Every structure is written in structure tokens, then in C-alpha cells.
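Let me begin by presenting the structure, written as C-alpha cells, before commenting on it.
Reminder, nothing fancy here: chain letters follow the sequence lines and each chain counts from 1. As the structure is a prediction and not an experimental result, all values here were calculated from the model.
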Protein chains: 2
Amino acid sequence: MARKKRDEAAIDAAAAELMRYPRAAVAVDLVVFTIIDADLKVLLIRRGEPPFEGAWALPGGFVRVGPSHREQGEALDDAARRELNEETGLPPGSVYLEQLYTFGESERDPRARVISIAYYALVRPTLAPLVRAGGDAQHAGWCSISEAKSRSLAFDHAKILDTALSRIRGKIDYSNIAFELVPDTFSIPELRAVHEVIKGTSYDPGNFRRRFKRMLTDGIIAPAPGKRITGTKPAKVYRFQGR
Amino acid sequence: MARKKRDEAAIDAAAAELMRYPRAAVAVDLVVFTIIDADLKVLLIRRGEPPFEGAWALPGGFVRVGPSHREQGEALDDAARRELNEETGLPPGSVYLEQLYTFGESERDPRARVISIAYYALVRPTLAPLVRAGGDAQHAGWCSISEAKSRSLAFDHAKILDTALSRIRGKIDYSNIAFELVPDTFSIPELRAVHEVIKGTSYDPGNFRRRFKRMLTDGIIAPAPGKRITGTKPAKVYRFQGR
DNA sequence: CCAAAAGTGTTAACAGTACACCCATGG
DNA sequence: CCATGGGTGTACTGTTAACACTTTTGG
């Protein structure tokens with residue numbers, strides 16, 4: 001159809017026009033959290049090349065952009081999932097992943113104008129030991145938050161980490177993200193530990209229990225078989241039903 | 001110093017390496033809200049060229065990316081502020097602006113791989129009439145939300161609009177964004193109208209008043225001189241103290 | 001039996017809800 | 001004086017917070 005052909009031509013012309021302007025590299029950076037030894041940890045890698053060679057950084061990488069307007073490359077979410085899998089070896093789908101914020105100051109990367117779309121991920125503690133980050137344990141690993149903050153991270157990664165921390169601290173109160181940081185079956189005290197570690201406060205065991213017992217009647221969590229042996233009175237375990 | 005020189009050279013090499021990969025165009029799109037006639041409005045412009053010629057779209061534009069790694073161009077927030085000023089003519093600083101979400105699916109723009117960082121803005125109703133969008137009233141204007149949804153917007157702008165609506169609907173409950181949609185001095189019923197229009201529900205006048213009277217004792221709002229004449233009993237006006 | 005943590009009960013304060021009612025104004 | 005919406009009072013309900021208490025385990 002002539003109309004369609006004309007539109008195609010117009011788009012080709014517009015595409016060519018667009019190409020005349022400078023473009024930016026697009027990256028995804030990942031703030032991957034887990035809980036180990038009742039402590040919130042973040043995954044860091046040690047940079048092997050300049051800039052910031054030898055410094056610690058958040059895992060991440062460039063989004064695959066196609067060579068033309070007909071072949072545009074992968075979606076941002078797909079890039080984040082791919083990087084997450086490459087850096088942790090964890091099966092995709094086993095980890096909670098959500099877009100966090102986009103960082104695009106100029107000069108944030110000395111090599112080029114790089115726009116970084118940051119994501120955060122929550123890894124269940126049962127999966128955390130399986131992470132052989134980048135295949136090289138010496139150059140990557142779980143790092144406590146205080147430790148991460150004392151190391152001066154590459155680029156603006158300290159700011160990204162802070163943004164991620166604020167996000168999960170805010171969101172844990174009104175969402176179900178806490179369930180992403182416990183095993184598939186969990187006891188109420190385990191869930192409470194997650195809240196305490198993230199918020200940095202302690203909760204009354206009785207009141208906390210009641211708060212989550214409501215979820216039982218609402219069908220958000222359900223009793224699961226088995227108990228959690230803790231050295232004292234064993235705790236009942238539950239399973240998260242949402243998703 | 002030799003060390004510094006070597007680092008510079010390494011960065012230049014890395015920059016050259018980066019340039020070999022395809023890059024993406026980076027845009028900012030704006031969801032500009034205001035309230036007119038007790039109705040939530042969004043600013044739309046009519047596209048003058050392909051693709052989606054003649055369709056309605058959110059205002060926005062490309063981020064200025066510098067030509068080299070030494071000259072990287074403007075920050076994302078600055079680009080958003082600049083576009084906002086260009087499209088509305090409103091003085092920067094008079095409008096609340098916040099990053100919303102980044103949309104980067106492939107094929108979302110047929111011309112090229114375009115990553116769009118969406119922002120939302122809240123314009124006080126007193127400023128809304130001053131907006132001569134793009135200088136051409138025929139090709140831009142305030143549009144009610146239902147109307148905007150019935151028009152099929154260009155690109156993925158319908159999705160961006162939905163995301164912005166969810167954001168402000170969620171955020172109005174626990175933040176002070178409602179104060180950005182009333183004049184500098186406002187009455188409690190005016191503030192209630194803002195909440196009602198955004199949430200789509202109605203609030204009990206007495207209960208709503210009490211809820212915001214608490215802000216008075218907390219110092220978040222303060223009495224302001226003058227009254228609001230409404231045809232019935234005049235209402236006291238207040239001023240928002242935060243910021 | 002003792003320590004320690006799971007789990008239950010009780011109470012007071014507070015915030016949200018529904019609704020009755022009074023007050024100031026324009027017509 | 002009446003309709004209308006601003007503004008106040010009140011009783012009820014549900015949620016939160018503090019804390020005493022009972023239960024079940026390992027040592």
C-alpha cells in the first residue's frame with residue numbers, strides 16, 4: 001500500500017536524522033541483597049580494569065543495543081535479568097528483581113556518557129551460598145552494608161546503594177518483599193529477623209506475630225509442614241501464598 | 001605525574017573501546033498534572049511529524065548528550081527541567097518535578113532504540129492558565145484523564161501515564177505532594193478536593209479536616225491571612241510550611 | 001530445674017469512621 | 001429564612017504498643 005510505504009520512508013528518514021545526534025551508552029547496575037548471619041549483605045565485585053581499577057563496585061553491565069532501528073536489542077528488564085544471572089549464576093525467576101531509579105548525571109563515568117538504570121534484587125538466604133559471583137570468589141562476594149559503605153565504591157555506586165536501601169526500608173512496611181528474603185517455608189521469628197535487620201530496629205515478638213497472623217486469615221500465608229528447631233521451643237513454619 | 005598520565009591514557013583507550021558498541025538515544029518524557037475545574041488534567045501535545053504524526057503524546061525530548069567523554073552533556077534532571085520549561089513556559093522552580101520510571105523496551109520507538117526516563121510534574125492550578133504549551137494552543141493543552149485515555153497516545157505513553165497515575169495515587173497518602181496542587185494559600189476543603197480528584201473517592205469533610213488539623217499542631221501547615229469566599233460560609237486559609 | 005525463645009492475653013492510647021449538629025454566608 | 005457548605009462534637013471500632021504471662025524445648 002502506498003500509504004504504508006510512505007510512512008516507512010518517513011520513519012527511515014527520521015531514523016537517519018536521529019542518528020546524527022550523539023547517543024549515550026546504557027547500563028544496568030544491580031543492588032543484590034541477601035541476609036547472611038542475621039546481617040544484610042550486598043553483592044560487590046572488584047573491578048579488574050580502569051576506571052576505578054581495584055575498587056569495589058556494584059555488578060552490572062551494558063544493555064545490548066541493536067545496530068539499527070529495525071533491530072533494537074534487548075529490553076531493560078531482560079538486560080537486568082541477564083546480568084543478574086551472569087553475575088550470580090542463579091536461575092532466573094528464583095530472584096526478586098525490580099527497577100530502582102535511573103542515574104544519569106554527566107561525568108558519572110569518565111569513559112563516556114553512561115545512563116545507568118539501577119535495579120535491586122532480593123536473594124533468599126538459601127540461595128546465597130550458591131552464588132559464585134562471576135565465577136571468581138576472590139573478586140566478588142557478599143559484603144555487609146557497613147563494610148560496603150566504608151569501602152569507597154566506584155562511580156556513583158554509593159549513592160545507588162543508598163537509594164536501594166531507602167527503597168527496601170520504605171517498601172518492607174507495606175509490601176511483601178520480606179518474603180523474598182526468607183526460605184520458602186519460614187517461621188514468624190525468622191520473618192521478624194528480616195524486618196529487624198532491614199529497618200535496624202527491634203520489634204516486640206508478640207505484636208509482630210499478631211501482625212502476621214492476620215495474613216494467615218487473609219490467606220496471604222498458609223501453614224506449612226515441619227517445624228523450625230532453634231535450641232528452644234520449636235517454631236511453626238509457614239509458606240507465602242502470594243506471588 | 002606519570003601515574004596520572006597513564007590513567008588518562010587507559011581511560012581514553014577504554015572510552016574508544018566503548019564507542020565501538022551501539023548506543024541508544026536517551027529521552028525524557030513528562031507527565032505534567034494540574035487540576036482545573038475540580039478535574040485532574042494532564043498536558044498533551046499533538047505530534048507534528050512521524051512517527052505517530054497527528055497523534056497526542058506526552059511532552060518530552062532528547063537529552064543533550066555531549067560529543068565526547070570529556071564533554072558529556074546535561075544531567076537527566078536538568079534535561080527534564082529544561083523540557084518542562086520549554087513546553088510550558090513556566091519558571092523552573094515553581095513546579096514540583098520527580099523522576100518516575102524508565103521505559104526502555106525495544107521497538108517502543110520505531111525510529112531508533114530510545115530509552116525514556118519519565119518524570120512527573122505537579123503544576124499549581126494558579127499557574128496552569130499561564131501555560132502556553134509550546135507556544136501553540138492548538139497543538140497542546142490540558143486534557144482530562146479520561147479523555148487522554150480514550151485518545152490512543154503515541155509510543156508507550158498510555159503506559160507511562162498509567163504509571164504516573166499510580167504513583168501519585170499511592171504517594172498522596174503518605175507524602176506532601178497534594179500541597180503542590182493547590183495555590184500557595186489554601187483552605188482545607190480545597191485540599192480535600194485535590195485528594196478526592198486524585199483518589200477518585202470522596203472523604204468525610206469532618207474527618208478530613210481533623211486529619212489535616214493535626215498538621216497544624218505539627219507545624220507542617222500554618223494559618224495564613226485572608227479567607228476563601230465560596231458562596232457560603234467563608235473558609236480559613238493555610239500555608240504549607242514544608243519544602 | 002533453668003534459661004531462652006515461642007506463643008498467648010490484657011490493657012490503654014490512638015487513629016479512622018460514621019453521622020448528628022451548629023455556624024456563617026449569599027440569595 | 002433557607003439552602004449550602006464550613007466547621008465542631010461524639011460515639012464506635014479497629015489498630016498499635018507495652019508488657020505480663022504461659023509453653024516448650026535443650027542443657
Separation of D:dG5 atom P from B:L191 atom CG, nearest Å, is 18 Å

Over how many whole Å does the gap from B:D204 atom CG to D:dA11 atom C1' extend? 14 Å

In whole angstrom, what separates A:K236's NZ from C:dG7's P? 6 Å

Whole-Å distance, B:D218 CG to C:dA15 C1', equals 13 Å

Residues from residues 228-235 of chain A lying under 4.0 Å of DNA chain C - heavy atoms: A:T232, A:K233, A:P234, A:A235

Which of these passes salt bridge (Lys or Arg N to Asp or Glu O under 4.0 Å) with A:E190: A:R228, A:K236, A:R124? A:R228

Using 30° and 60° as the class boundaries, would you call the ring planes of A:Y203 and A:H195 parallel, tilted or perpendicular? perpendicular

Taking atom C1' of D:dG7 as reference, at what distance in whole Å does atom CD of B:E190 sit? 15 Å

Can you give each donor-acceptor pair under 3.5 Å made by side-chain atoms of residues 209-218 of chain B, sequence neighbours left out, with the distance rounded to 0.1 Å?
{"unit_1": "B:R210", "atom_1": "NH2", "unit_2": "B:N207", "atom_2": "OD1", "d": "3.2"}
{"unit_1": "B:T217", "atom_1": "OG1", "unit_2": "B:R214", "atom_2": "O", "d": "2.8"}

Find out whether B:V26 and B:I117 are in side-chain contact, i.e. whether some heavy atom of one side chain is under 4.5 Å from a heavy atom of the other. yes

Which pairs, with at least one residue in residues 150-169 of chain B and sequence neighbours excluded, count as a ring pair (Phe, Tyr, Trp, His ring centres under 6.0 Å)? B:F52-B:F155, B:F155-B:H157

In whole Å, what is the span from the CZ atom of B:F186 to the C1' atom of D:dG6? 16 Å

Could you list by number each residue of residues 205-214 of chain A showing a heavy-atom separation from DNA chain C of less than 4.0 Å, or answer none if no residue does? A:G206, A:R209, A:R210, A:K213

All pairs passing salt bridge (Lys or Arg N to Asp or Glu O under 4.0 Å) where residues 149-167 of chain A contributes a residue, at least two apart: A:E98-A:R167, A:R108-A:D156, A:E147-A:R151, A:K149-A:D162

Have a look at B:Y120 and tell me which of B:L100, B:I160, B:L161 forms a side chain to side chain contact (heavy atoms under 4.5 Å, CB included) with it. B:L100

Show me the side-chain donor-acceptor pairs of residues 36-43 of chain B shorter than 3.5 Å, one per line, residues at least two apart or across chains.
none

